[in-house]
Amino acid sequence: MTILNHKFELAARPVGLPKRSDWKYAEESARDVRDGELLVKLLYISLDPAMRGWINEGKSYVPAVGIGEVMRAGGLGRVVESKNPAFATGDYVTGMLGVQEYAISDGKGLNKVDPKIAPLPVYLGGLGMTGMTAYFGLLDVGQPKAGETVVISGAAGATGMIAGQIAKIKGCRTVGIAGGRAKCEFIVKELGFDAAIDYKAEDVRKALQQHCPKGIDIYFDNVGGEILDAALSQIARGARVVICGAISQYNNTTPIKGPSNYLALLINRATMKGFIVFDYASRYGEAAREMAGWYAAGKLKTREDIAEGFENFPEVFLKLFKGENTGKLMLKVADA
Ligand SMILES: NC(=O)c1ccc[n+]([C@@H]2O[C@H](COP(=O)([O-])OP(=O)(O)OC[C@H]3O[C@@H](n4cnc5c(N)ncnc54)[C@H](OP(=O)(O)O)[C@@H]3O)[C@@H](O)[C@H]2O)c1
């Protein structure tokens, strides 16, 4: 049976926010599956801010997506044919499957997931890559201790909402920064953050002084820019600043400016450290078991923001940069 695949390829390197014309919507017949390979039907495609970085030319932690190549993306799908003994037809898997309806894989980098433990979309968010990012970024880089004050930006997003809940599990006072009243209410009322700052309506520096009178012990930064500067102005002695991401800078058309008050690190004997979640791949199993335990016990809530329509990928991707998602943004491609 011939399978028709649709995919989005990179057509041009975007300047600023990616436009629809930066992508090419293409159709092809899927080739035959060879020995050692499997065919996966995509059900959900993960939309991540990092994808914006992957389409820039230049040095990064992964090679840039080439012009004419299918766009790189995480995804979750069902195995529909397998010539790989490690996978059977009907298995659900996550991995880098690309922005397409079907993917052929040799199985490397794919993880099987169990829909009896959690609904499938959760494996792209809280129990998936963004959950792992929150786990290792906060626990390994941030090293929280009970009683400390943790501030998280992008707090109503996929990574931030999990990082804040893990901080609470570890006994920290947790303050989230997010855009808009609804997101602030969500993180306090539904997720149990101690306080929220609406950066679109409040003076972040003043609000941090008010909510963190003894200073910030850990600042988990998802956004960079002015909010990073504001957080640095309020760090405590020995603080750890965790550089997870800087989404406010990803579509810059002018050079990125670093923090202007970095000497706050010197004065406070503080550290600022970046990390990449992929470096923790050998420990994903350990994290997934602990996170699944918290999830089953009701201590860790997840939220998925699921858009429909494969052909809408270019517009749905932009929701990340417009703050139009709450929780983990993904695109539903097919029914399970
Ligand atoms: N280091 C790693 O290995 C790693 C892995 C995964 C993700 N990350 C990083 O983690 C961060 C969050 O990623 P995510 O997948 O969890 O996305 P997300 O937080 O679910 O979505 C992005 C959110 O960023 C906020 N935002 C967008 N533009 C902004 C701006 N100019 N200023 C302030 N906030 C802005 C928006 O929320 P508001 O409405 O609150 O503005 C938006 O909803 C990103 O920086 C990403 O690159 C890093």
Side-chain angles (χ1 to χ4, degrees), residues 16-17 45-56 60-62 72-74 96 121 124-126 128-138 140-142 151-166 176-187 191 193 196-202 204 219-231 241-253 256-257 272-281 283-284 287 302-307 316-331:
L17 277 176
I45 293 173
S46 177
L47 298 174
D48 295 279
M51 292 162 73
R52 180 64 189 85
W54 298 342
I55 52 182
N56 285 337
S60 188
Y61 59 95
V62 284
R72 184 186 299 141
M96 283 294 167
L124 286 184
M129 195 271 287
T130 47
M132 299 291 126
T133 304
Y135 183 95
F136 289 110
L138 185 74
D140 204 73
V141 186
V151 172
I152 294 165
S153 57
T159 307
M161 68 171 283
I162 301 296
Q165 292 180 85
I166 298 175
I177 305 174
R181 202 164 144 197
K183 289 189 179 187
C184 288
E185 280 187 11
F186 165 64
I187 62 175
L191 304 182
F193 281 53
I197 298 168
D198 175 1
Y199 76 89
K200 291 186 173 164
E202 295 180 60
V204 177
Y219 174 53
F220 189 103
D221 190 24
N222 286 310
V223 308
E226 287 173 18
I227 295 178
L228 170 59
D229 261 334
V241 177
V242 181
I243 302 296
C244 177
I247 191 167
S248 74
Q249 316 279 299
Y250 293 173
N251 292 290
N252 269 19
T253 49
I256 291 170
K257 283 200 184 124
M272 181 150 92
K273 186 175 174 191
F275 75 100
I276 295 289
V277 66
F278 301 140
D279 294 344
Y280 291 93
R283 291 174 57 195
Y284 285 172
T302 67
R303 177 152 165 176
E304 297 76 38
D305 196 327
I306 304 175
V316 176
F317 178 50
L318 297 187
K319 281 172 167 257
L320 291 166
F321 306 104
K322 296 177 179 171
E324 289 174 358
N325 64 305
T326 300
K328 175 70 195 125
L329 184 66
M330 63 191 77
L331 191 58

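A quick note: this is a predicted structure, and the numbers were derived from the prediction, not measured. Both counts, for ligands and for their atoms, begin at 1 and track the order of listing.
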Does [X] reach ligand 1, in the sense of a heavy atom lying below 4.0 Å from it?
X      : value
Leu320 : yes
Ala246 : yes
Ala156 : no
Tyr250 : yes
Ala155 : no

I want to know if ligand 1 touches [X] in the polar sense, i.e. an N/O pair below 3.5 angstrom.
X      : result
Ile276 : no
Asn325 : yes
Leu47  : no

Donor-acceptor pair between Thr159 and Lys328 side chains, under 3.5 angstrom: no
Distance-only side-chain donor-acceptor flag, Ser153 / Tyr219, under 3.5 Å: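 Distance-only check passes for Ser153 and Tyr219.
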For atom 40 (O) of ligand 1, the protein heavy atom that lies nearest, with its residue and separation: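 Answer for atom 40 (O) of ligand 1: Gly179 N, 2.8 Å.
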Minimum-distance protein heavy atom relative to atom 39 (O) of ligand 1: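 Among all protein heavy atoms, the one nearest atom 39 (O) of ligand 1 is Lys183 NZ, 2.6 Å.
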